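Have a look at the structure below, then the notes.
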Amino acid sequence: NKVSIFGNGNQVLFGASNVVIINSDNQVVSEDNVTIIDGHRQWRYVSTTVDYTASDRDVVLADSSHAAPPITITLPALTANLWVCVKKVDAAGSDVDITARVSGNIDGVGTYSLTAQYESVELFCDGPNWHIRSNA
């Protein structure tokens, strides 16, 4: 339902809707509201109150006030040219921890924590590691 594809070897799995794939090959989409251009997912907003595994180009609005602290945002598997942004939206005293998977680090450490309301970090993966592009 509402699927547009311009490329080769792409798959939109049963039930996914509002999917656009442009100038991209061999993409597999299993969820709604996904746009992929030149092989990269476009930014999407995700709100969570529990542990969450981010995808490429997710803007994660994390609310740690509803779960046993801290909640953990796990970054995608290491692949060059991935971007993730995480923002702590609650005023609770509990942290939002951002962690790389089994291998790789975030600017040399395994976990980066957001501790204050509205604090955010934008991360870029060069392949072997994650780098902080900006934080506020």
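Please read these numbers as outputs of a predicted model, since none were measured by experiment. Hydrogens, waters and symmetry mates are skipped; everything else that's a heavy atom, side chains included, is used. This chain uses plain numbering: 1 for the first residue, then up along the sequence.
When D32, V34, V12, N33 are each tested for a side-chain contact (heavy atoms from CB on, under 4.5 Å) with S17, only one passes: D32. With D58 as the fixed residue, the side-chain contact (heavy atoms from CB on, under 4.5 Å) test singles out one of W43, W83, Y52: Y52. Applying side-chain contact (heavy atoms from CB on, under 4.5 Å) to L114 and the options V96, D95, N135 leaves one that passes, V96.
In this structure, a donor-acceptor pair under 3.5 Å is absent between the side chains of T49 and D63. Counted by atom type alone, K88 and S120 present zero donor-acceptor pairs between their side chains at under 3.5 Å.
In this structure, the side chain of D90 engages the main chain of S64 through a donor-acceptor pair within 3.5 Å. Between the side chain of Q117 and the backbone N or O of V89 there is at least one donor-acceptor pair closer than 3.5 Å.
Side chains of V50 and I71 form no contact here, defined as non-hydrogen atoms less than 4.5 Å apart.
Shown here for C125 and L78, the closest heavy-atom pair between the two residues is SG-CD2, 3.7 Å.
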Using the side chain to side chain contact (heavy atoms under 4.5 Å, CB included) rule, take S55 and R44 through it: C-alpha gap first, then chi angles, then the decisive distance, then the call.
CA-CA 9 Å; S55 296; R44 73 178 179 149; 3.8 Å; yes

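Using a cut-off of 4.0 Å between Lys/Arg side-chain N and Asp/Glu carboxylate O, R133 and E122 are scored as salt-bridged.
Residues that satisfy the side-chain contact (heavy atoms from CB on, under 4.5 Å) test with T99, not counting sequence neighbours, are T72, T74, T111.
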